[in-house]
Participant: 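One structure, pasted below without further comment.
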Number of protein chains: 2
Amino acid sequence: MKPTIKDVAQKANVSIATVSRILNNQLGYSEKTKERVLEVIKELGFRPNAIARGLVSKRTKTIGVLLPNVTSSFASKLLKGIEESAHENDYSMIVCNTDHSGSRTLDYLNILGEKKVDGLVFSSQEIKEEYYETITRLGIPVILISTMSYRFPLPYVKVDDRQAAYHATSYLIENGHDKIAMISGNDDLTGKPRMEGYKQAIEDHGLTLDEKLITYGDFDFESGKKCLKQLLPLKDEFTAVFAASDDMAVGAISAAYENNLKVPDDFSIIGFDNTLVAEMAIPPLTTVAQPLREMGKAAIEKVIEMIEKEDHHASSSIMNFQIIERNSVKSLKST
Amino acid sequence: MKPTIKDVAQKANVSIATVSRILNNQLGYSEKTKERVLEVIKELGFRPNAIARGLVSKRTKTIGVLLPNVTSSFASKLLKGIEESAHENDYSMIVCNTDHSGSRTLDYLNILGEKKVDGLVFSSQEIKEEYYETITRLGIPVILISTMSYRFPLPYVKVDDRQAAYHATSYLIENGHDKIAMISGNDDLTGKPRMEGYKQAIEDHGLTLDEKLITYGDFDFESGKKCLKQLLPLKDEFTAVFAASDDMAVGAISAAYENNLKVPDDFSIIGFDNTLVAEMAIPPLTTVAQPLREMGKAAIEKVIEMIEKEDHHASSSIMNFQIIERNSVKSLKST
DNA sequence: CTGAAAGCGCTTACAG
DNA sequence: CTGAAAGCGCTTACAG
């Protein structure tokens, strides 16, 4: 049997209260007993039972992470930042793939509640009323990543999508493109603001918006392919495309390749996120970078602060984006 | 305050034992009291505290998952299979990024032990003696994915790397390539058997092995680039390359692109894994598929069976690989 | 069919 | 500086 606190107390000739105090770096024991107890602990290979500890302390040192899709390169990079920072702070993470399903999300929320996670990180999904209700019922702090809610006042960590999209589009325009298509997301969360930024940039630069050139995907690779195929008949009406995610941008490049079109010779493309696939693409993808790792880190630090201060309010953070120039955008200026 | 089992017992006029029985679908209560209790539970919005439950039942319904790198496309796809299957079986997963570090791995193993996970999934890492010792000490079942150990008898789920590599290499040979370079992994786990399969295929087909054409990476994108650059001066001495991972294959394609070399015109390449990046590559990558999702699923099912049967022994599974033909290999036959 | 009680392995007042 | 005791929220013999 694995040793418990009782075993070490007995062997060290002290009460379990004393062992507990030593374990938790509290006051109330002599240096001598501390040494003795520590020695017994090592001797026995004793490890405190976090479950028992959690039951009384009401802290499990674990955080629930909800994502719509673990497989996306967006999630991969985010997860890395979250994991790193959680581990640094002695927290573990339970990761949940919601698959964008409402019932799955709710289901997970309840499970996470039963498992008494100390806090929640919720990424890239709209906060439905029912989610908000059950989160509130759970009574634990939440931080949103790459999403926010006007209705529900939850703190978030994100980039200003509208502004970032504005810059991405402007970048294309500054490179001499005046007919720009868009592969947009189909949601209100990030799809819409990114599209608005795109439209605004076109307008501000005195170009005319062509709604035909706007196409809607779901941020994934396949949808990027599909969108580009939709755009194909209109090939002569644009010279560049702005994709609302790297995965979609790479999908577009892939569909172009299938149709013997080359990027950036036949058209330029700029992505969004700066995930690993952006580097991996042929040609390497010019994109607007979201600092995914830092965002994960910031989110974890915020929840932990909320947990430890027992204050479920936190400020939100707008992180900086940045345009990473690689080889998928051709300048039309010098030609 | 959140309702406890006591609250529902009181309100339903029964003992907590009865509530517990109903909660756990045991025998020993009338249909009438069951209904009443269930109603109270709903009324109060009662959810059992999994921590308290875990303390007495010794089951937490959570599994620890250790991976060297969550960001890799290999891990992404695997994680998806693991998550899906865990959730189907009402288990949660704590994911741990070991970063290939021994101390981190050990650290995590201990934390997972303290948190009383019911089982462990350990992927893509060598089992060092100290790992094995602490795993044994924890007394919970483990399943290995894409790794195994001759010294320590732990059940695993993997593909036969040697055989798969043999087939990948043979595939190139059958397509008319007789000078084949390799971008190998630098470890004994999967790197070595894949290289052996490669060598064997070359030998069996009566070709001559050229050690100069073997180069060593660490399975990641960057190392694939680096390896291809090493191979560049030898460009005329091979027509195809076998890369031990898709990430490295894509890295190689990327480095080729930088050097104005085209795949598959200037050389052919076959990868290993069939992760999402293989589909995303330009050209789409021909590769030997590991059924990553199924492997994750099989692993979870095995641990759960071990957990529930309280028998820490399980059979290992060799999963089937498959060559997925896409566009990165050119046939030299018809030319 | 049902309840009282012990106990899981800890932490935390309380008392000395 | 230290210990006895209560209690966290459950499950599980045991007894009826």
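Proteins get letters first, then strands, A, B, ... in listed order; numbering begins at 1 in each.
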Participant: For E31(B), which contact category applies under a 4.0 Å heavy-atom criterion: base, sugar-phosphate, or nothing?
Facilitator: nothing
Participant: Between E310(B) and R59(B), does any NZ, NE, NH1 or NH2 come within less than 4.0 Å of an OD or OE carboxylate oxygen?
Facilitator: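 Salt bridge flag = yes for E310(B) with R59(B).
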Participant: Of the options dT2(C), dT2(D), dG3(C), whose atoms approach the side-chain atoms of Y29(B) most closely?
Facilitator: dT2(C)
Participant: Checking contacts here: which listed nucleotide (dT11(D), dC8(C), dC10(C)) is nearest the side-chain heavy atoms of S20(B)?
Facilitator: dT11(D)
Participant: Nearest whole Å is fine: how far is dA5(D) P from I16(A) CD1?
Facilitator: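 The distance from CD1 of I16(A) to P of dA5(D) comes to 12 Å, rounded to the nearest Å.
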Participant: Is dA13(D) paired to anything, Watson-Crick or G-U wobble with both distances less than 3.5 Å, and if yes, which nucleotide?
Facilitator: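 For dA13(D), the partner nucleotide comes out as none, under the 3.5 Å rule.
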Participant: Do Q125(B) and T98(B) pass the side-chain hydrogen bond (donor to acceptor under 3.5 Å, both in side chains) test, and can you show the C-alpha distance, the side-chain angles, and the key distance before you say yes or no?
Facilitator: CA-CA 9 Å; Q125(B) 254 183 296; T98(B) 64; 2.9 Å; yes
Participant: Closest to the S30(B) side chain: dT11(C), dT2(D), dT2(C)?
Facilitator: dT2(C)
Participant: Taking 4.0 angstrom as the limit, do E114(B) and R53(A) come out as a salt bridge?
Facilitator: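 No.
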Participant: Would you indicate which nucleotide in dC8(C), dG3(D), dT11(C) comes nearest to any side-chain atom of V56(A)?
Facilitator: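 The closest nucleotide is dT11(C).
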Participant: Just the rounded figure in Å: distance from P of dG9(C) to CD1 of I22(A).
Facilitator: 20 Å
Participant: Could you check how far CG of N49(B) sits from C1' of dC8(C), rounded to whole Å?
Facilitator: 13 Å
Participant: Just checking R47(B): base, sugar-phosphate only, or nothing, at a heavy-atom cut-off of under 4.0 Å?
Facilitator: sugar-phosphate
Participant: If I take atom CG in residue L55(A) and atom P in nucleotide dG9(D), what distance separates them, rounded to the nearest angstrom?
Facilitator: 7 Å
Participant: Quick check for you: among dT2(D), dC8(C), dC10(D), whose closest atom lies nearest to any side-chain atom of R53(B)?
Facilitator: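 Per side-chain heavy atoms of R53(B), the pick is dC10(D).
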Participant: Carefully, step by step, assess N97(A) and E83(B) under the rule side-chain hydrogen bond (donor to acceptor under 3.5 Å, both in side chains).
Facilitator: CA-CA 7 Å; N97(A) 193 287; E83(B) 206 275 349; 5.1 Å; no
Participant: Using purine N1 to pyrimidine N3 plus N6-O4 or O6-N4 for Watson-Crick, or N1-O2 and O6-N3 for G-U wobble, each under 3.5 Å, what pairs with dA4(D)?
Facilitator: none
Participant: Phosphate oxygens OP1/OP2 of dT11(D): is one of them under 4.0 Å from a side-chain N or O of Q26(B)?
Facilitator: no
Participant: Can you check whether S15(B) has a side-chain N or O nearer than 4.0 Å to OP1 or OP2 of dA4(C)?
Facilitator: no
Participant: Mind checking whether I63(B) and I300(B) have side chains closer than 4.5 Å, heavy atoms only?
Facilitator: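 SC-SC contact between I63(B) and I300(B) confirmed.
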Participant: Could you check how far CG of L27(A) sits from P of dC1(D), rounded to whole Å?
Facilitator: 9 Å
Participant: With side-chain hydrogen bond (donor to acceptor under 3.5 Å, both in side chains) as the criterion, how do H100(B) and D218(B) come out once you've worked through the C-alpha distance, each side chain's angles and the decisive distance to 0.1 Å?
Facilitator: CA-CA 11 Å; H100(B) 279 109; D218(B) 66 4; over 6 Å; no
Participant: Work out which heavy atom in G139(A) is nearest to a heavy atom in H312(A); give both atom names and the distance.
Facilitator: O-CE1, 2.8 Å
Participant: Do S72(B) side-chain atoms and N69(B) backbone N/O form a donor-acceptor pair below 3.5 Å?
Facilitator: yes
Participant: Counting side-chain heavy atoms from CB outward, which of dT2(D), dT11(C), dC10(D) is closest to F46(B)?
Facilitator: dC10(D)
Participant: Nucleotides 13-16 of chain D: which of its N/O atoms have a protein N/O under 3.5 Å away?
Facilitator:
{"unit_1": "dA13(D)", "atom_1": "N6", "unit_2": "R21(B)", "atom_2": "NH2", "d": "3.3"}

Participant: Nearest whole Å is fine: how far is dG7(C) P from I51(B) CD1?
Facilitator: 23 Å
